[in-house]
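Below: one structure, written as C-alpha coordinates.
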Amino acid sequence: MALTAIDNFINNEFVKPTEGAYFDTFNPAHGVPHAQIPDSTKADVDLAYKAASTAFTTWSKTTKAERARILYKIADLIDARQDEFVRAESKDQGKPISLAKTVDIPRAAYNFRFFAGRILHSVEEAAELEGVGFNYSQRMPIGVAGLISPWNLPLYLLTWKIAPCIACGNTAICKPSEFTSLTAYMLCSVLKDAGLPAGVVNMVFGTGMKAGQALVEHPRIPLISFTGGTVTGAKIIANSAPHFKKLSLELGGKNANIIFADCDFEKALTTSLRSSFANQGEICLCGSRIFVERPIYEKFLNGLVDGAKKLKVGDPSAHDTNLGALVSKEHWEKVKSYIDLGVKEGGKIECGGDKPASLQDEFQNGYFLEPTIISGLTPSCRVMREEIFGPVVTIYAFDTEEEVIQITNDSEYGLSCSLWTENGRRARRVAGEIQAGTVWVNTWMARDLRMPFGGMKKSGLGREGGEHSLDFYTELKTICLAD
Ligand code: NDP
(Lines give C-alpha, C1' and ligand atoms only; values in the text may rest on other atoms or scores of the structure.)
Protein backbone atom coordinates (compact mmCIF):
# COMPACT_ATOMS: atom_id res chain seq x y z
CA MET A 1 0.00 0.00 0.00
CA ALA A 2 1.34 3.44 -0.96
CA LEU A 3 2.25 5.58 2.02
CA THR A 4 0.49 8.87 2.59
CA ALA A 5 2.68 11.76 1.49
CA ILE A 6 2.56 15.12 3.23
CA ASP A 7 3.25 18.35 1.36
CA ASN A 8 4.86 21.68 2.00
CA PHE A 9 2.64 24.55 3.17
CA ILE A 10 3.31 27.79 1.34
CA ASN A 11 0.97 30.77 1.13
CA ASN A 12 -1.72 28.79 3.00
CA GLU A 13 -1.72 26.09 0.30
CA PHE A 14 -0.37 22.56 0.39
CA VAL A 15 2.15 22.26 -2.45
CA LYS A 16 4.39 19.49 -3.70
CA PRO A 17 8.16 19.97 -3.48
CA THR A 18 9.49 21.49 -6.70
CA GLU A 19 11.68 18.51 -7.53
CA GLY A 20 8.87 16.09 -6.65
CA ALA A 21 11.12 14.02 -4.36
CA TYR A 22 9.99 12.45 -1.07
CA PHE A 23 11.58 10.18 1.53
CA ASP A 24 10.07 7.78 4.04
CA THR A 25 9.57 8.60 7.68
CA PHE A 26 9.40 5.73 10.15
CA ASN A 27 7.12 4.70 12.97
CA PRO A 28 9.77 4.12 15.66
CA ALA A 29 7.72 1.61 17.65
CA HIS A 30 7.30 -0.71 14.67
CA GLY A 31 10.42 0.19 12.71
CA VAL A 32 8.47 0.56 9.47
CA PRO A 33 7.86 3.56 7.19
CA HIS A 34 4.52 5.25 7.85
CA ALA A 35 4.51 8.43 5.74
CA GLN A 36 6.46 10.26 3.07
CA ILE A 37 8.09 13.64 3.61
CA PRO A 38 8.95 16.17 0.88
CA ASP A 39 12.69 16.32 0.25
CA SER A 40 12.61 20.09 -0.18
CA THR A 41 15.44 22.06 -1.68
CA LYS A 42 16.59 25.66 -2.01
CA ALA A 43 13.93 26.19 -4.69
CA ASP A 44 11.19 25.40 -2.14
CA VAL A 45 12.77 27.72 0.40
CA ASP A 46 12.83 30.44 -2.29
CA LEU A 47 9.11 29.93 -2.94
CA ALA A 48 8.36 30.08 0.77
CA TYR A 49 10.49 33.21 1.08
CA LYS A 50 8.48 34.91 -1.65
CA ALA A 51 5.23 34.14 0.20
CA ALA A 52 6.62 35.11 3.61
CA SER A 53 8.16 38.39 2.45
CA THR A 54 4.95 39.44 0.71
CA ALA A 55 2.92 38.57 3.81
CA PHE A 56 5.35 40.54 6.00
CA THR A 57 4.33 43.86 4.43
CA THR A 58 0.80 43.54 5.84
CA TRP A 59 1.27 41.23 8.86
CA SER A 60 3.94 43.52 10.34
CA LYS A 61 1.37 46.35 10.29
CA THR A 62 -1.46 44.29 11.82
CA THR A 63 -2.37 45.46 15.30
CA LYS A 64 -1.15 43.52 18.31
CA ALA A 65 -4.75 42.96 19.31
CA GLU A 66 -5.53 41.30 15.98
CA ARG A 67 -2.40 39.16 16.10
CA ALA A 68 -3.26 38.11 19.65
CA ARG A 69 -6.82 37.24 18.61
CA ILE A 70 -5.51 34.85 15.95
CA LEU A 71 -2.94 33.32 18.30
CA TYR A 72 -5.66 32.62 20.89
CA LYS A 73 -7.74 31.02 18.16
CA ILE A 74 -4.83 28.79 17.10
CA ALA A 75 -4.46 27.63 20.72
CA ASP A 76 -8.19 26.86 20.92
CA LEU A 77 -8.07 24.84 17.71
CA ILE A 78 -5.08 22.80 18.92
CA ASP A 79 -7.07 22.06 22.08
CA ALA A 80 -10.09 21.09 20.02
CA ARG A 81 -8.00 18.60 18.03
CA GLN A 82 -5.91 17.52 21.01
CA ASP A 83 -6.54 13.76 20.74
CA GLU A 84 -5.59 13.71 17.09
CA PHE A 85 -2.36 15.64 17.77
CA VAL A 86 -1.54 13.44 20.77
CA ARG A 87 -1.90 10.22 18.80
CA ALA A 88 0.13 11.57 15.87
CA GLU A 89 2.97 12.86 18.06
CA SER A 90 3.25 9.56 19.91
CA LYS A 91 3.16 7.52 16.71
CA ASP A 92 5.65 9.70 14.84
CA GLN A 93 8.17 10.29 17.65
CA GLY A 94 7.83 7.05 19.65
CA LYS A 95 6.98 8.82 22.92
CA PRO A 96 4.40 7.44 25.38
CA ILE A 97 0.95 8.75 24.63
CA SER A 98 0.60 9.91 28.25
CA LEU A 99 3.54 12.29 27.77
CA ALA A 100 2.18 13.69 24.50
CA LYS A 101 -1.16 14.22 26.27
CA THR A 102 0.15 15.87 29.41
CA VAL A 103 3.21 17.73 28.09
CA ASP A 104 3.74 18.09 24.34
CA ILE A 105 0.36 19.07 22.99
CA PRO A 106 -0.98 21.16 25.91
CA ARG A 107 2.29 23.09 25.88
CA ALA A 108 2.02 23.67 22.11
CA ALA A 109 -1.38 25.34 22.68
CA TYR A 110 -0.06 27.24 25.69
CA ASN A 111 2.87 28.64 23.68
CA PHE A 112 0.35 30.49 21.48
CA ARG A 113 -1.74 31.64 24.45
CA PHE A 114 1.29 32.83 26.36
CA PHE A 115 2.68 35.00 23.56
CA ALA A 116 -0.78 36.30 22.65
CA GLY A 117 -1.00 37.70 26.17
CA ARG A 118 2.64 38.73 26.32
CA ILE A 119 2.53 41.10 23.34
CA LEU A 120 -0.63 42.76 24.61
CA HIS A 121 1.03 43.62 27.91
CA SER A 122 4.48 44.77 26.90
CA VAL A 123 5.51 48.31 27.79
CA GLU A 124 8.43 50.09 26.16
CA GLU A 125 10.98 52.36 27.82
CA ALA A 126 10.69 56.14 27.99
CA ALA A 127 13.13 58.68 29.44
CA GLU A 128 13.32 62.43 29.60
CA LEU A 129 16.66 63.93 28.50
CA GLU A 130 16.64 67.12 30.55
CA GLY A 131 16.88 70.29 28.49
CA VAL A 132 16.81 68.35 25.21
CA GLY A 133 13.68 66.33 24.91
CA PHE A 134 12.22 62.94 25.41
CA ASN A 135 13.29 59.41 24.34
CA TYR A 136 11.20 56.35 23.86
CA SER A 137 11.98 52.88 22.58
CA GLN A 138 10.03 51.08 19.92
CA ARG A 139 10.08 47.46 18.83
CA MET A 140 10.00 46.68 15.12
CA PRO A 141 9.33 43.28 13.61
CA ILE A 142 12.41 42.14 11.69
CA GLY A 143 11.20 40.25 8.63
CA VAL A 144 11.13 36.62 7.56
CA ALA A 145 12.46 34.24 10.22
CA GLY A 146 13.88 30.76 9.67
CA LEU A 147 12.68 28.40 12.42
CA ILE A 148 14.49 25.06 12.63
CA SER A 149 13.40 22.48 15.19
CA PRO A 150 14.47 19.02 16.42
CA TRP A 151 12.64 15.70 16.80
CA ASN A 152 12.42 15.19 20.54
CA LEU A 153 9.51 17.52 21.40
CA PRO A 154 8.35 18.20 17.85
CA LEU A 155 5.26 20.41 18.14
CA TYR A 156 6.16 21.79 21.57
CA LEU A 157 9.48 23.24 20.36
CA LEU A 158 8.29 24.34 16.93
CA THR A 159 5.39 26.32 18.41
CA TRP A 160 7.78 27.80 20.99
CA LYS A 161 9.35 29.51 17.96
CA ILE A 162 6.31 30.20 15.77
CA ALA A 163 4.23 31.85 18.51
CA PRO A 164 6.64 34.65 19.53
CA CYS A 165 7.83 35.08 15.95
CA ILE A 166 4.41 35.90 14.53
CA ALA A 167 3.16 37.59 17.70
CA CYS A 168 5.93 40.16 17.15
CA GLY A 169 4.79 40.76 13.56
CA ASN A 170 7.36 38.66 11.69
CA THR A 171 6.57 35.97 9.19
CA ALA A 172 8.13 32.51 9.24
CA ILE A 173 9.54 29.64 7.24
CA CYS A 174 9.69 26.53 9.40
CA LYS A 175 11.85 23.47 8.87
CA PRO A 176 10.75 20.74 11.31
CA SER A 177 12.91 17.67 11.87
CA GLU A 178 12.90 15.19 8.99
CA PHE A 179 12.14 12.45 11.58
CA THR A 180 9.02 14.07 13.06
CA SER A 181 7.13 16.25 10.60
CA LEU A 182 3.57 15.00 11.06
CA THR A 183 2.23 17.27 13.78
CA ALA A 184 3.83 20.28 12.08
CA TYR A 185 1.91 19.28 8.95
CA MET A 186 -1.32 19.01 10.96
CA LEU A 187 -0.66 22.43 12.46
CA CYS A 188 -0.80 23.98 8.97
CA SER A 189 -4.56 23.35 8.71
CA VAL A 190 -5.05 24.76 12.19
CA LEU A 191 -3.21 27.95 11.23
CA LYS A 192 -5.37 28.36 8.16
CA ASP A 193 -8.61 27.58 10.02
CA ALA A 194 -7.67 30.13 12.68
CA GLY A 195 -7.59 32.83 10.02
CA LEU A 196 -3.84 33.39 9.87
CA PRO A 197 -3.27 35.28 6.60
CA ALA A 198 -1.56 33.47 3.74
CA GLY A 199 2.25 33.44 3.86
CA VAL A 200 2.60 34.35 7.55
CA VAL A 201 3.71 30.80 8.44
CA ASN A 202 5.16 28.52 5.78
CA MET A 203 6.35 24.98 6.33
CA VAL A 204 9.15 23.52 4.20
CA PHE A 205 9.72 19.86 5.06
CA GLY A 206 12.91 17.96 4.41
CA THR A 207 16.44 17.51 5.63
CA GLY A 208 18.74 19.87 7.43
CA MET A 209 21.41 19.49 4.79
CA LYS A 210 19.12 20.74 1.99
CA ALA A 211 16.13 22.70 3.30
CA GLY A 212 17.68 23.71 6.64
CA GLN A 213 20.91 24.91 5.13
CA ALA A 214 19.08 26.83 2.40
CA LEU A 215 17.25 28.76 5.14
CA VAL A 216 20.45 29.46 7.02
CA GLU A 217 22.27 30.62 3.89
CA HIS A 218 19.39 32.64 2.45
CA PRO A 219 20.72 36.19 2.14
CA ARG A 220 17.34 37.82 2.91
CA ILE A 221 16.33 35.85 5.96
CA PRO A 222 17.69 37.99 8.81
CA LEU A 223 17.04 35.74 11.79
CA ILE A 224 17.33 32.05 12.57
CA SER A 225 15.96 30.37 15.65
CA PHE A 226 17.46 26.91 15.96
CA THR A 227 17.04 24.13 18.49
CA GLY A 228 19.16 21.05 18.02
CA GLY A 229 22.58 19.56 18.52
CA THR A 230 25.74 21.54 19.29
CA VAL A 231 27.58 20.30 16.19
CA THR A 232 24.73 21.51 13.97
CA GLY A 233 24.66 24.77 15.93
CA ALA A 234 28.32 25.37 15.06
CA LYS A 235 27.56 24.82 11.36
CA ILE A 236 24.69 27.29 11.57
CA ILE A 237 26.94 29.93 13.11
CA ALA A 238 29.51 29.42 10.33
CA ASN A 239 27.01 29.27 7.45
CA SER A 240 25.04 32.31 8.57
CA ALA A 241 28.05 34.44 9.50
CA PRO A 242 28.49 36.13 6.07
CA HIS A 243 24.96 37.53 6.42
CA PHE A 244 25.25 38.77 10.04
CA LYS A 245 22.03 37.00 10.96
CA LYS A 246 20.47 37.31 14.36
CA LEU A 247 20.75 33.83 15.91
CA SER A 248 19.09 32.10 18.80
CA LEU A 249 20.66 28.70 19.41
CA GLU A 250 19.24 26.22 21.94
CA LEU A 251 21.73 23.35 21.89
CA GLY A 252 22.74 20.15 23.64
CA GLY A 253 23.42 19.46 27.29
CA LYS A 254 25.02 17.04 29.73
CA ASN A 255 23.11 18.07 32.78
CA ALA A 256 24.05 17.26 36.34
CA ASN A 257 21.57 16.00 38.92
CA ILE A 258 23.14 16.61 42.34
CA ILE A 259 21.77 14.72 45.33
CA PHE A 260 22.99 15.93 48.72
CA ALA A 261 22.65 13.60 51.72
CA ASP A 262 20.25 16.03 53.42
CA CYS A 263 17.70 15.89 50.57
CA ASP A 264 14.09 14.76 50.76
CA PHE A 265 15.12 11.26 49.69
CA GLU A 266 11.83 9.99 48.27
CA LYS A 267 11.15 13.18 46.33
CA ALA A 268 14.69 13.24 44.93
CA LEU A 269 14.46 9.59 43.91
CA THR A 270 11.05 9.80 42.25
CA THR A 271 11.93 12.95 40.34
CA SER A 272 15.34 11.55 39.34
CA LEU A 273 13.62 8.61 37.69
CA ARG A 274 11.67 11.11 35.62
CA SER A 275 14.61 13.41 34.90
CA SER A 276 16.66 10.40 33.79
CA PHE A 277 14.16 8.58 31.60
CA ALA A 278 11.24 10.82 30.60
CA ASN A 279 10.71 10.76 26.83
CA GLN A 280 13.29 7.92 26.70
CA GLY A 281 15.89 10.40 27.98
CA GLU A 282 15.42 12.40 24.78
CA ILE A 283 14.90 15.76 26.48
CA CYS A 284 17.74 18.26 26.37
CA LEU A 285 17.07 18.95 30.08
CA CYS A 286 17.34 15.35 31.27
CA GLY A 287 19.80 14.94 34.13
CA SER A 288 22.15 12.33 32.72
CA ARG A 289 25.02 12.80 35.21
CA ILE A 290 23.79 11.87 38.67
CA PHE A 291 26.12 12.87 41.50
CA VAL A 292 25.14 11.50 44.93
CA GLU A 293 26.77 12.48 48.25
CA ARG A 294 28.59 9.41 49.54
CA PRO A 295 26.61 8.71 52.78
CA ILE A 296 23.43 7.99 50.76
CA TYR A 297 25.06 6.74 47.54
CA GLU A 298 24.30 3.01 47.96
CA LYS A 299 20.73 3.60 49.14
CA PHE A 300 20.04 6.02 46.28
CA LEU A 301 21.61 3.74 43.67
CA ASN A 302 19.54 0.77 44.87
CA GLY A 303 16.36 2.85 44.85
CA LEU A 304 17.06 4.18 41.37
CA VAL A 305 17.82 0.72 39.98
CA ASP A 306 14.66 -0.73 41.59
CA GLY A 307 12.60 2.14 40.15
CA ALA A 308 14.15 1.85 36.68
CA LYS A 309 13.46 -1.89 36.55
CA LYS A 310 9.78 -1.21 37.26
CA LEU A 311 9.38 1.25 34.38
CA LYS A 312 7.29 -0.15 31.58
CA VAL A 313 8.99 0.00 28.17
CA GLY A 314 6.92 -0.74 25.08
CA ASP A 315 3.81 0.19 23.14
CA PRO A 316 3.77 4.04 23.07
CA SER A 317 0.00 4.04 22.59
CA ALA A 318 -0.65 2.13 25.85
CA HIS A 319 -1.64 4.49 28.64
CA ASP A 320 0.57 2.83 31.27
CA THR A 321 3.78 2.88 29.19
CA ASN A 322 6.66 4.84 30.76
CA LEU A 323 9.21 4.64 27.95
CA GLY A 324 8.36 4.33 24.28
CA ALA A 325 10.77 3.85 21.38
CA LEU A 326 13.81 5.94 20.50
CA VAL A 327 13.23 8.12 17.48
CA SER A 328 15.21 6.23 14.82
CA LYS A 329 17.38 3.20 14.17
CA GLU A 330 20.46 5.43 13.79
CA HIS A 331 19.76 7.10 17.11
CA TRP A 332 19.21 3.71 18.81
CA GLU A 333 22.60 2.58 17.49
CA LYS A 334 24.27 5.77 18.69
CA VAL A 335 22.84 5.42 22.20
CA LYS A 336 23.72 1.72 22.35
CA SER A 337 27.27 2.51 21.26
CA TYR A 338 27.62 4.77 24.33
CA ILE A 339 26.46 1.93 26.59
CA ASP A 340 29.13 -0.29 25.03
CA LEU A 341 31.68 2.49 25.41
CA GLY A 342 30.71 2.81 29.08
CA VAL A 343 31.61 -0.85 29.61
CA LYS A 344 34.92 -0.37 27.77
CA GLU A 345 35.68 2.65 29.94
CA GLY A 346 35.31 0.46 33.03
CA GLY A 347 31.67 1.12 33.94
CA LYS A 348 29.24 -1.35 35.48
CA ILE A 349 25.77 -1.68 33.98
CA GLU A 350 23.55 -1.59 37.06
CA CYS A 351 20.40 -2.19 35.01
CA GLY A 352 19.24 -2.14 31.40
CA GLY A 353 21.79 -1.91 28.62
CA ASP A 354 19.90 -3.42 25.70
CA LYS A 355 16.60 -3.97 23.94
CA PRO A 356 13.95 -5.22 26.40
CA ALA A 357 13.44 -8.98 26.17
CA SER A 358 9.72 -8.73 26.89
CA LEU A 359 8.55 -6.83 23.78
CA GLN A 360 5.42 -8.05 22.04
CA ASP A 361 5.91 -9.49 18.52
CA GLU A 362 4.64 -6.39 16.74
CA PHE A 363 7.34 -4.25 18.41
CA GLN A 364 10.31 -6.53 17.74
CA ASN A 365 11.62 -4.18 15.02
CA GLY A 366 11.01 -1.03 17.08
CA TYR A 367 13.79 1.07 18.53
CA PHE A 368 13.28 0.28 22.22
CA LEU A 369 15.97 0.44 24.85
CA GLU A 370 15.80 -0.39 28.54
CA PRO A 371 16.43 2.39 31.06
CA THR A 372 20.13 2.04 31.75
CA ILE A 373 22.17 3.08 34.79
CA ILE A 374 25.97 2.95 34.65
CA SER A 375 28.16 3.21 37.75
CA GLY A 376 31.90 3.05 38.26
CA LEU A 377 32.91 5.70 35.70
CA THR A 378 34.97 8.76 36.52
CA PRO A 379 34.02 12.30 35.41
CA SER A 380 36.74 12.29 32.74
CA CYS A 381 35.17 9.33 30.84
CA ARG A 382 33.54 10.14 27.51
CA VAL A 383 30.24 8.63 28.64
CA MET A 384 30.17 11.16 31.48
CA ARG A 385 31.13 14.09 29.24
CA GLU A 386 29.35 13.63 25.89
CA GLU A 387 25.63 14.05 25.26
CA ILE A 388 23.97 10.64 24.73
CA PHE A 389 20.35 11.81 24.52
CA GLY A 390 18.79 8.47 25.42
CA PRO A 391 17.67 6.48 28.48
CA VAL A 392 21.19 6.22 29.87
CA VAL A 393 22.49 7.85 33.05
CA THR A 394 25.72 7.58 34.99
CA ILE A 395 25.85 7.67 38.77
CA TYR A 396 28.84 8.80 40.82
CA ALA A 397 29.56 9.33 44.53
CA PHE A 398 30.97 12.68 45.70
CA ASP A 399 32.33 13.81 49.06
CA THR A 400 32.19 17.60 49.25
CA GLU A 401 30.20 20.56 47.96
CA GLU A 402 33.35 22.01 46.36
CA GLU A 403 34.04 18.75 44.53
CA VAL A 404 30.53 18.43 43.10
CA ILE A 405 30.51 22.05 41.92
CA GLN A 406 33.87 21.47 40.23
CA ILE A 407 32.81 18.29 38.39
CA THR A 408 29.45 19.77 37.43
CA ASN A 409 31.11 22.82 35.89
CA ASP A 410 33.91 20.83 34.25
CA SER A 411 31.79 20.36 31.13
CA GLU A 412 31.66 22.01 27.76
CA TYR A 413 27.88 22.22 28.21
CA GLY A 414 25.84 24.45 30.51
CA LEU A 415 22.16 23.93 29.90
CA SER A 416 20.54 22.94 33.19
CA CYS A 417 21.17 21.36 36.57
CA SER A 418 19.02 19.98 39.38
CA LEU A 419 20.12 19.95 42.97
CA TRP A 420 18.49 18.31 45.95
CA THR A 421 19.01 19.58 49.49
CA GLU A 422 16.84 20.72 52.40
CA ASN A 423 19.49 23.28 53.38
CA GLY A 424 18.32 26.60 51.95
CA ARG A 425 21.68 28.35 52.33
CA ARG A 426 23.48 25.55 50.55
CA ALA A 427 20.84 25.58 47.81
CA ARG A 428 21.41 29.26 47.08
CA ARG A 429 25.18 28.97 47.42
CA VAL A 430 25.52 26.00 45.04
CA ALA A 431 22.91 27.31 42.57
CA GLY A 432 24.89 30.54 42.40
CA GLU A 433 28.08 28.69 41.46
CA ILE A 434 26.66 26.33 38.83
CA GLN A 435 27.39 27.24 35.20
CA ALA A 436 24.02 26.44 33.64
CA GLY A 437 21.20 28.49 32.14
CA THR A 438 18.62 26.91 34.46
CA VAL A 439 19.15 25.50 37.95
CA TRP A 440 16.33 23.64 39.66
CA VAL A 441 16.33 23.20 43.41
CA ASN A 442 14.26 20.23 44.61
CA THR A 443 12.42 19.94 41.31
CA TRP A 444 12.94 19.33 37.59
CA MET A 445 11.44 20.72 34.35
CA ALA A 446 9.39 23.32 36.18
CA ARG A 447 9.22 26.11 33.65
CA ASP A 448 7.75 29.59 33.85
CA LEU A 449 7.57 30.95 30.30
CA ARG A 450 8.11 34.51 31.58
CA MET A 451 11.64 33.60 32.70
CA PRO A 452 14.79 33.48 30.55
CA PHE A 453 15.67 30.10 29.06
CA GLY A 454 18.89 29.13 27.31
CA GLY A 455 22.27 27.56 27.69
CA MET A 456 25.76 28.65 28.69
CA LYS A 457 28.94 27.50 26.93
CA LYS A 458 28.24 25.03 24.08
CA SER A 459 24.60 24.66 25.17
CA GLY A 460 23.55 27.73 23.28
CA LEU A 461 23.58 31.38 22.42
CA GLY A 462 20.97 33.84 23.60
CA ARG A 463 17.92 33.51 25.81
CA GLU A 464 14.26 32.99 24.99
CA GLY A 465 11.18 33.29 27.19
CA GLY A 466 9.06 36.33 28.09
CA GLU A 467 10.80 39.60 27.32
CA HIS A 468 13.84 37.73 25.96
CA SER A 469 11.79 36.23 23.14
CA LEU A 470 10.51 39.70 22.30
CA ASP A 471 14.11 40.91 22.25
CA PHE A 472 15.06 38.21 19.78
CA TYR A 473 12.08 38.57 17.46
CA THR A 474 12.15 42.38 17.27
CA GLU A 475 14.64 45.14 16.61
CA LEU A 476 14.68 47.66 19.41
CA LYS A 477 14.97 51.27 18.37
CA THR A 478 15.32 54.54 20.32
CA ILE A 479 13.46 57.60 19.11
CA CYS A 480 14.51 60.96 20.51
CA LEU A 481 12.00 63.84 20.28
CA ALA A 482 13.48 67.29 20.86
CA ASP A 483 11.53 69.81 22.97
P1 NDP B 1 20.03 18.20 14.97
O2 NDP B 1 21.01 19.26 15.28
O3 NDP B 1 20.51 16.99 14.27
O4 NDP B 1 18.81 18.75 14.12
C5 NDP B 1 18.00 19.83 14.53
C6 NDP B 1 17.37 20.45 13.30
O7 NDP B 1 18.40 21.05 12.50
C8 NDP B 1 16.69 19.43 12.38
O9 NDP B 1 15.55 20.04 11.81
C10 NDP B 1 17.77 19.18 11.36
O11 NDP B 1 17.31 18.65 10.14
C12 NDP B 1 18.32 20.57 11.17
N13 NDP B 1 19.66 20.62 10.57
C14 NDP B 1 20.60 19.64 10.51
N15 NDP B 1 21.70 20.08 9.85
C16 NDP B 1 21.45 21.36 9.49
C17 NDP B 1 22.19 22.36 8.79
N18 NDP B 1 23.43 22.13 8.35
N19 NDP B 1 21.62 23.56 8.59
C20 NDP B 1 20.38 23.82 9.06
N21 NDP B 1 19.62 22.92 9.71
C22 NDP B 1 20.16 21.71 9.94
O23 NDP B 1 19.36 17.82 16.38
P24 NDP B 1 18.35 16.65 16.67
O25 NDP B 1 17.15 16.82 15.82
O26 NDP B 1 19.12 15.38 16.63
O27 NDP B 1 17.91 16.99 18.17
C28 NDP B 1 18.61 16.56 19.28
C29 NDP B 1 19.50 17.66 19.83
O30 NDP B 1 18.73 18.81 20.12
C31 NDP B 1 20.17 17.27 21.13
O32 NDP B 1 21.51 17.68 21.09
C33 NDP B 1 19.41 18.08 22.16
O34 NDP B 1 20.14 18.36 23.33
C35 NDP B 1 19.08 19.32 21.39
N36 NDP B 1 17.97 20.02 22.01
C37 NDP B 1 18.21 21.19 22.69
C38 NDP B 1 17.17 21.84 23.34
C39 NDP B 1 17.42 23.12 24.08
O40 NDP B 1 16.44 23.80 24.41
N41 NDP B 1 18.65 23.51 24.35
C42 NDP B 1 15.81 21.29 23.34
C43 NDP B 1 15.67 20.08 22.58
C44 NDP B 1 16.72 19.47 21.94
P45 NDP B 1 16.99 17.08 9.98
O46 NDP B 1 15.55 17.11 9.77
O47 NDP B 1 17.74 16.62 8.77
O48 NDP B 1 17.43 16.37 11.21
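These figures come from a predicted structure and were not determined experimentally. One is the number of the first residue; the rest follow in order along the sequence. Order of appearance sets the numbers: ligands from 1, and atoms from 1 within every ligand.
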Legend entry - Structural part of T230 in contact with ligand 1, heavy atom criterion under 4.0 angstrom: neither
Inset, instruction - State plainly whether the residues R463 and D471 are in salt-bridge range, i.e. N to O under 4.0 Å. - result: no
Legend entry - Protein contact of atom 15 (N) of ligand 1 - nearest heavy atom, named by residue and atom, plus distance: T232 CG2, 3.2 Å
Legend entry - Identity of the nearest option to atom 45 (P) of ligand 1, non-hydrogen atoms only, from K254, K175, K334: K175
Legend entry - Residue portion contacting ligand 1 (non-hydrogen atoms closer than 4.0 Å) for L153: neither
Legend entry - Proximity of N152 to ligand 1 by residue part, where a heavy atom lies under 4.0 Å: side chain
Inset, instruction - Not counting sequence neighbours, list each pair that qualifies as a ring-ring contact (aromatic ring centres under 6.0 Å, His included) and has a residue in residues 17-42. - result: H30-F363
Legend entry - Per-residue contact class, E387 against ligand 1 - non-hydrogen pairs under 4.0 Å: side chain
Legend entry - Any protein heavy atom < 4.0 Å from atom 36 (N) of ligand 1: yes
Inset, instruction - Step through the shown structure and confirm whether more than 12 heavy atoms of other residues, nucleotides or ligands are within 6.0 Å of NZ on K245. - result: yes
Legend entry - Proximal candidate to atom 6 (C) of ligand 1 [heavy atom criterion; set C284, S149, G228]: S149
Inset, instruction - Go through ligand 1 atom by atom and flag the ones less than 4.0 Å from a non-hydrogen atom of Q213. - result: 18 (N), 19 (N), 20 (C)
Inset, instruction - Record the part of I148 in heavy-atom contact with ligand 1 below 4.0 Å; permitted values are side chain, backbone, both and neither. - result: side chain
